[in-house]
A.B. asks: 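There's a structure below that I have some questions on.
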Amino acid sequence: MRQLSSGALLDSIRGVHWPAPRVVGGAIQGSHRSRRVGSSPEFMEYRPYQQGDDPSKIDWKLFGRTERVAIRLAHDDSSLRTMVLVDASASMAFPAGSFDKWELAASVALGLAAIAHGDGDPVGVAIVGGGGIRSIPPRTRRGTVANVLQLLLDTVPSGSQALAPVLNTLKGSRRVAIVSDFLGDAEALLEGGRELVAAGCSVHAVHVVAAEELDPRGLGDVVNDPEDSALKRPLDSAALPEYAAAFTAWRTGLAARCRAAGVSYLLANTAESPERVVRRVVAPLAATVPS
Amino acid sequence: MTFLAPFFLAAGAGIAALVVALHFISTREPATVPLPTARFAPDRPVRARSRAFRPSDLLLLFCRAGVVLCAGAALAQPIVSPTRRPLARIVVADRSRAVASPAEVADSARGLLLSGDALVLFDSAATRVSSDSLGAIQRVDAKGNLSAGLVEALRAAVSLWDQSDSLELVLVSPFLAEEVDQATDSIRALWPGAIRLVRVGVRRDSQAVAVMALEGSADDPLRWALPPLNGAGSADVRIVRGTGVPSDSGWASLSGRTLVLWPAIPAPYGSGAGDSSGAVVADEIVVVAPFERLGMPQASPASRTVARWMDGTPAATETAHGAGCIRSVAIPVPAVGDLVLDPRFQRLAARLTSPCGWTPSSPPLDSARLAALGGPLGRRVVASSVPRPLAIRSPMTPWLLGAALLLGLGELALRRRPGLPAEA
């Protein structure tokens, strides 16, 4: 966790924004373009007055020049209530000793939280596993990122608690990032993500995979599931091709199901730097955000 | 030590060697490494075989090999062969009623018996006893049967086939004719060698008369027909030459006593007519003489006829009286002539004055029968020519099976003990 606590990640992503993928409907002032017709000085258009419009919005100067009663429309900015759901189950404590998966997941979670916080969005973190559920509710005040960092540093991944029940409690959030290896309750998570997307929330699935999981050659002849001690399988040279094929097929299927559910899917390999992963999460969306 | 079925021992040793080899070729589970994506590996058994340079579990190996070896040895039926002796004797001793003195029989047998020899006692039946039983030989009031003794001797020979180089069969008996039956020659023929015959004294009739008292006149001719009488107050047989008195009856009611009422002048037979050319038959004894046939005293229905005239009428009857018996004899003893000196009449007189229940001994076997019984002189039987027993039981088999069972239980307990390495 030295990388996490060193501050290098936060330095490297300073200035990076995590824009909303589309116009949002939030009423709180923020940095994201809102669907609301606001009072910001950025003029958008005039619209004829209709019954029910606020008369105070009538542009009387325009009426004086043209005798048309019209409403002056302007863009409004809104904030995104963001939650980062982090998987801290025993499967994240891999490889033994270095915990690369957990370090990457924690770094990505911290990076996303820092970016969202930098954008002025309320951001919170929920960590599932490691002895229970620990969370920081979304907020914008200073020190939130430091609180998130401390919470992540205090967590040791263990156990096999399900993430989906926690995800279902995040329906008040407008943006949710799930950082997990999806080896627990993947289908339930997908279902919860589908519901969030339907409610107008943008959901990001960051699939954390260790490099040793992608290529387990030399790891050992027999492997077991850290979350299920009864599951023991051979992984000798004869079993490696079958393993690789099955794992690839599962990842491909998971990505396809995520996209079908409207969930943004990203595979994060521990061979990558956390900064790169964070930028991959936020960059495509920044490129497509409407101006 | 020899094995009746050595194949099983070899098979057990082979299987035990296989068990030891299997302990070197152990099946172990390789070290397990945690991998969160282990579920994507193929679902196959995770054990792998490896060759070990040391047995995996010495105690378990000992139990397993021990079970196989003990079971194999038990099935092989080990026999501990005793030290073979040059000669083993089978002494067949007579204890029938024909034997004069059981002590004489015991002395004769004792002089022949060595440690490990077989001793067979026979009367009407035969039984094998230990040599220590010699001092307790008792005469059995039953007719001897040499056939039974020989059969038991043949059985004893089968049990001695592996203990000596040669066998000698010794018969200690008075060798009376009554002890030989029609099967004796056939059974004798089964013994392939000579039989050493040791003759002991026969129980003579005089021995019964030796405790006999005759109450009659000094010139009673019956005295000439009987052996010298030496009985007195302790006699078991009292011969009264009259009809007897109540005191005689009381005397005869005691156990083992016989009162012979043999009137010197019996009552006239019928009209007093004589039997000028008659004969008397008592068992196998037949006396033909011109008896002056006289009348038979009144006998009770419980009387048993012990001698008859040639026309079947009773000449002597015997009646149980208390614990003893009373024998009534209606055969006149002629005072003239030499009939009382005739051996046949003397045997008849001995029969009629014998104790109740006692049948006088038959004549001894003649020399020809004795020679046939003994066979060729000096020819011993080679032990190997005696047929082996059909079923030889190994005394070690139950113990070996028990040891195998215990080791099997131990192996079971060891396999169930905690901390056993994962090994097949």
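Here is how names work: the chains are called A, B, and so on, in the same order as the sequence lines, proteins then strands, and each is numbered from 1. Side-chain atoms are counted along with the backbone in the values below, which use heavy atoms only and exclude waters and symmetry mates.
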A.B. asks: If you compare all heavy atoms of B:L35 against all heavy atoms of A:E212, which two are closest, and at what distance to 0.1 Å?
C.D. replies: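 Reported closest heavy-atom pair: CD1-O, 4.4 Å.
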A.B. asks: Does any backbone or side-chain atom of A:A210 lie under 4.5 Å from a heavy atom of chain B? Answer side chain, backbone, both or neither.
C.D. replies: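 Neither the backbone nor the side chain of A:A210 comes within 4.5 Å of chain B.
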A.B. asks: Tell me, for A:F94 versus chain B, whether the close heavy atoms (under 4.5 Å) come from the side chain, the backbone, both or neither.
C.D. replies: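 Interface part for A:F94: side chain.
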A.B. asks: Identify which of A:S91, A:A246, A:P234 forms the greatest number of heavy-atom pairs closer than 4.5 Å to chain B.
C.D. replies: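 Highest number of pairs under 4.5 Å: A:P234.
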A.B. asks: Going by heavy atoms in the side chains, are B:P42 and A:R233 under 4.5 Å from each other?
C.D. replies: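 The answer is no, as the side chains (C-beta and beyond) never meet within the 4.5 Å cut-off.
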A.B. asks: Taking every heavy-atom pair that is under 4.5 Å apart, which of A:G220, A:P226, A:A96, A:A90 has the most such pairs with chain B?
C.D. replies: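 Highest number of heavy-atom pairs under 4.5 Å: A:P226.
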A.B. asks: Once rounded to the nearest 0.5 Å, what's the spacing between atom NZ of A:K232 and atom CG of B:D43?
C.D. replies: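 Separation between the atoms: 13.5 Å.
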A.B. asks: Which atoms of A:L219 are under 4.5 Å from chain B, going by heavy atoms: the side chain, the backbone, both sets, or neither?
C.D. replies: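 It is both, since atoms from each part get that close.
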A.B. asks: Can you find a pair of side-chain heavy atoms, one from B:P36 and one from A:K101, that are under 4.5 Å apart?
C.D. replies: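 When only atoms from C-beta onward are counted, A:K101 and B:P36 do touch, with a gap below 4.5 Å.
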A.B. asks: Just give me the residue among A:D221, A:N224, A:L231, A:V209 that pairs up with chain B most often, heavy atom to heavy atom, under 4.5 Å.
C.D. replies: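 It is A:N224.
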A.B. asks: Within the structure provided, determine whether B:F40 and A:V223 are in side-chain contact (heavy-atom separation under 4.5 Å).
C.D. replies: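 No; the side chains remain at least 4.5 Å from each other.
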A.B. asks: Quick one: are B:T37 and A:Y243 in side-chain contact, heavy atoms under 4.5 Å?
C.D. replies: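 Yes, at least one pair of side-chain atoms sits under 4.5 Å.
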A.B. asks: Carefully, step by step, assess A:D228 and B:R39 under the rule side chain to side chain contact (heavy atoms under 4.5 Å, CB included).
C.D. replies: CA-CA 10 Å; A:D228 183 5; B:R39 69 188 70 174; over 6 Å; no
A.B. asks: Should we count CZ of A:F247 as having more than 12 external heavy atoms under 6.0 Å?
C.D. replies: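 Check passes, neighbour count above 12.
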A.B. asks: Mark yes when over 12 heavy atoms from residues, nucleotides or ligands other than A:R276 sit less than 6.0 Å from its CZ; otherwise mark no.
C.D. replies: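 It does not: A:R276 CZ has 12 such atoms or fewer within range.
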A.B. asks: Quick one, B:R44 and A:D236 - any side-chain contact, counting heavy atoms below 4.5 Å?
C.D. replies: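 They are in contact (side-chain heavy atoms under 4.5 Å apart), so the answer is yes.
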A.B. asks: Which atoms of A:E227 are under 4.5 Å from chain B, going by heavy atoms: the side chain, the backbone, both sets, or neither?
C.D. replies: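 Nothing of A:E227, per the 4.5 Å heavy-atom cut-off to chain B.
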